Amino acid sequence: MRFSRMHLPTLKEVPSEAEVISHRLMLRAGMIRRLAAGIYSYLPLGLLALRNVEEIIRQEMNRAGAQEVLLPAVQPAELWQESGRWDFYGKELLRIRDRHQRDYCFGPTHEEVITDLIRHEVRSYRQLPLNLYQVQTKFRDEIRPRFGLMRGREFIMKDAYSFDIDDAAAGLSYQAMRDAYTRIFSRCGLNFRAVEADSGAIGGSFSHEFVVLADSGEDAVASCQSCEYAANVEKAESRFIAVKATSPDPDAAPPLEVATPDCESIEAVAAFFGVAPDKTVKSMIFESDLGFCMVVVPGDCEVNEIKVKAALGAEWLEIPASARVADELGLPVGYLGPLNVTIPLLIDRQVPQLGEIICGANRAGFHLKGVFWGRDFSSRQIVDLVQVKAGDPCPRCGSLLQIDRGIEVGHIFKLGTKYSEKLNATFLDQEGKERLLVMGCYGIGVGRTVAAAIEQNYDENGICFPYAIAPFKVALLNLDLKSEEVTAYCESLYQELQSRGISVIYDDRNERPGVKFKDADLIGVPLRLTLGRKGYKRGVLEARRRKGSINEELPLDDRAPLWSLLAELAADD
RNA sequence: CGGGAUGUGGCUCAGCCCGGUAGAGCACUGCGUUCGGGACGCAGGGGUCGGAGGUUCAAAUCCUCUCAUCCCGACCA
């Protein structure tokens, strides 16, 4: 591609909308433009990167035995009502109505559609296993879209669905996808982890997330420093080290109410009493479809809502507004405690071993001290309710866990028969018995993968694309358009690069050299070739790698070193 | 949905408190000079100040409503 002909509007200044680095660079590099909140146009450069990721995905999916399809973006409400998700999915489901007032949605995912398709097509175990995938635009009406392509509402996703005869076979399909994903993200040049994860709204029994490690990531990943254990903190557990519960001295005084004005946080309470936060407990009110409950965890821990939801067996869970807690329960948020409450109590497993603790008095401005588990309060529900912290013991090996931030780029789920049951998708097995299809689903955020690659590969001059997904592998800068020799050489090299199938951007613009250097750096081209009058006279072509900014001089009359340099670059990433 | 903020040429922003002629830089057009890390000079084009209503002789500026966007929390590829 000739730079002079390409629509590549690079920006010197950063539009104020951009917060994270990938978003800023994608705007500056002329890859994307925002149309509305969480909705972006892809410009030529952005689309090239996207297509490169898609191509890697297609190759690896096909290699893993999956077949590409394309499912409708707009889906009838009936299907979603049948699966039960029309009501369950909530406001993220963009519902639309046609001229006949029939309800539809813009697909946020395609389990319903694919299951519907398959239930009409698959009759026999002989047709299985089957894995179908698509690369498609989806829409989820996120509450707060942000970070450009990282969390858009409209986004491009590769989603695959597998169908098997039983759990064992489904496990093989799952493993095949796990391997394919590992190859995909490796080929994209990403530093990532496959971690155990919560299966969320999609449902199902088992799932792994593929997380690209980056400080700007929205997810936190706990991983063991010694063994292979890695999990999303939403899911992560730590090994529970049981200590004999300290029972109170039989003569210990009963709880004492102490006035603690303006102590609505654990920090404030701990400071007020001059104790460490782990000598206090944190009590929080949650509301779910099953009603209110109080969750009690050690003061230095954070409540993990997913664990709370699981412990309750609730469909949904939220933290009610303080005013609502006061109105409905008569309890003062900021001064809550587990004594004498009428709603169900959920106690974290660590609480019984804390010994003497301080907690809220359920009276605004007062806390209780000298409180003991078992004597002053108790509960039948004692489970793991806290988020793991760095330094907690690994659940597998007991070594230390570390916490990293990351970007979820892929997620694979074992769905089991959740959807086949709802939608009655069955087949006849070898004995002629009707059985439910066992499903799995596998997603990759394509745009997010590009964004994640940028988060992991940039410097002060712009993007440093991994070779595999770089929109252009080579930037050829002609610094002296007026020189016929220089231009002739550049033209011939440009032709040869193209004929060798190496995607190249030839900067033939009538611009000053500085502009060309800056643009080539900004758009992240792995290899920059520069030729000006001086270099031509010396018979050398300047080659500079984007990563590491290494300069090399290549002979003009022998192109072999260039081809080996390119081969080396391709192999490195 | 709660909390905070912002809407002024294509982009980044000043002007608003204290009402009176709409500004700068970048980008764009023309001419000239320049030419190995985002050049310079001269001359230009481009803005219903997010929208609606109100107060006022007079509103970008004050008031009300509304829309949009962004940032902080709970959901997700």
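These values consider heavy atoms only, across backbone and side chains, with no hydrogens, waters or symmetry-generated copies. Fair warning: this is a prediction, and the values are worked out from it, not measured in the lab. To find a chain, count down the sequence lines: A is the first, B the second, and so on, and within it residues start at 1.
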Report all interatomic pairs (protein N or O, nucleotide N or O of nucleotides 6-13 of chain B) with separations under 3.5 Å.
residue, atom, partner, partner atom, Å
B:rC11, O2, A:Glu13, OE1, 3.4
B:rU12, OP1, A:Ser16, N, 2.7
B:rU12, OP1, A:Ser16, OG, 3.2
B:rC13, OP2, A:Ser16, OG, 3.2

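- For A:Lys537, the side chain to side chain contact (heavy atoms under 4.5 Å, CB included) test picks out A:Arg533, with sequence neighbours left out.
- Partners of A:Tyr104 by side-chain hydrogen bond (donor to acceptor under 3.5 Å, both in side chains), not counting sequence neighbours: none found.
- Going from the C1' atom of B:rC71 to that of B:rG15 covers 24 Å, rounded to whole Å.
- If you take atom C1' in B:rC13 and the same atom in B:rC75, they sit 35 Å apart, rounded to whole Å.
- Under the Watson-Crick or G-U wobble criterion, with both distances below 3.5 Å, B:rG73 is paired with B:rC1.
- B:rG23 and B:rA60 have their C1' atoms separated by 12 Å, with the value rounded to a whole Å.
- With sequence neighbours left out, A:Ala488 forms a side chain to side chain contact (heavy atoms under 4.5 Å, CB included) with no residue at all.
- As judged by a 4.0 angstrom heavy-atom cut-off over every strand, A:Arg153 is placed among residues making no nucleic acid contact.
- Counting all heavy atoms, side chain and backbone alike, A:Val386 lies closest to A:Asn304 at C-CB, 3.8 Å.
- Nucleic acid contact class of A:Lys309 (heavy atoms, under 4.0 Å, all strands): none.
- Using a 4.0 Å heavy-atom criterion, one finds that A:Gly152 contacts the bases of the nucleic acid, with or without backbone contacts as well.
- Residues meeting the side chain to side chain contact (heavy atoms under 4.5 Å, CB included) test with A:Ala170, sequence neighbours left out: A:Asp164, A:Val438.
- Pair assignment for B:rC42 gives B:rG30, based on Watson-Crick or G-U wobble hydrogen-bonding distances that are each under 3.5 Å.
- Among residues two or more places apart in sequence or in another chain, the side-chain hydrogen bond (donor to acceptor under 3.5 Å, both in side chains) test is passed with A:Asn461 by none.
- By the ring pair (Phe, Tyr, Trp, His ring centres under 6.0 Å) test, A:His208 is found to be paired with A:Tyr174, A:Phe206, residues two or more places apart in sequence or in another chain being considered.
- A salt bridge links A:Arg545 with A:Glu552; the closest basic N to acidic carboxylate O contact falls under 4.0 Å.
- Partner assigned to B:rG9 is none, using Watson-Crick or G-U wobble distances below 3.5 angstrom.
- Residue A:Arg528 is classed as a base contact, given a heavy-atom separation below 4.0 Å to a base.
- Atom P of B:rG9 sits at a distance of 10 Å from the matching atom of B:rG51, rounded to the whole Å.
- B:rC70 atom P lies 11 Å from atom CD1 of A:Ile39, rounded to whole Å.
- Within the structure, a side-chain polar atom (N or O) of A:Arg512 is placed less than 4.0 Å from OP1 or OP2 of B:rA39.
- Judged by distance alone with a 3.5 Å cut-off, no donor-acceptor contact links the side chain of A:Arg146 to the base of B:rC72.
- B:rU12 and B:rG50 are spaced 14 Å apart, taking the P atom of each and rounding to whole Å.
- Put simply, the side chain of A:Ser207 does not reach to within 4.5 Å of the side chain of A:Lys235, judged on heavy atoms.
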Are there any protein N/O atoms within less than 3.5 Å of an N/O atom in nucleotides 27-31 of chain B, and if so, which ones and at what distance?
residue, atom, partner, partner atom, Å
B:rA27, OP1, A:Lys12, NZ, 3.2

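- B:rU48 and B:rC28: their C1' atoms are spaced 22 Å apart (whole Å).
- Residues passing the side chain to side chain contact (heavy atoms under 4.5 Å, CB included) test with A:Ile285 are A:Phe292, A:Met294, A:Pro320, A:Val325, A:Leu329, A:Leu331, A:Leu336, A:Ile343, sequence neighbours excluded.
- For residues 146-157 of chain A, the salt bridge (Lys or Arg N to Asp or Glu O under 4.0 Å) pairs, not counting sequence neighbours, are A:Asp141-A:Arg153, A:Glu142-A:Arg151, A:Arg146-A:Glu218, A:Arg151-A:Glu218.
- Annotation: B:rG44 and B:rC49 have their C1' atoms spaced 23 Å apart (nearest Å).
- Non-hydrogen atoms lying under 4.0 Å from RNA chain B are contributed by A:Val515, A:Phe517, A:Lys518, A:Asp519, A:Asp521, A:Leu522, all within residues 515-522 of chain A.
- Rounded to whole Å, the P atom of B:rC57 lies 31 Å from the corresponding atom of B:rG47.
- B:rU64 is paired with B:rA52 under the Watson-Crick or G-U wobble criterion, all donor-acceptor distances under 3.5 Å.
- Counting any heavy atom pair closer than 4.0 Å across all strands shown, A:Gly410 reaches sugar-phosphate atoms only and no base atom.
- In this structure, A:Tyr40 and A:His23 have perpendicular ring planes: the angle between them is above 60°, well past the 30° mark.
- By the ring pair (Phe, Tyr, Trp, His ring centres under 6.0 Å) test, A:Phe286 is found to be paired with no residue, residues two or more places apart in sequence or in another chain being considered.
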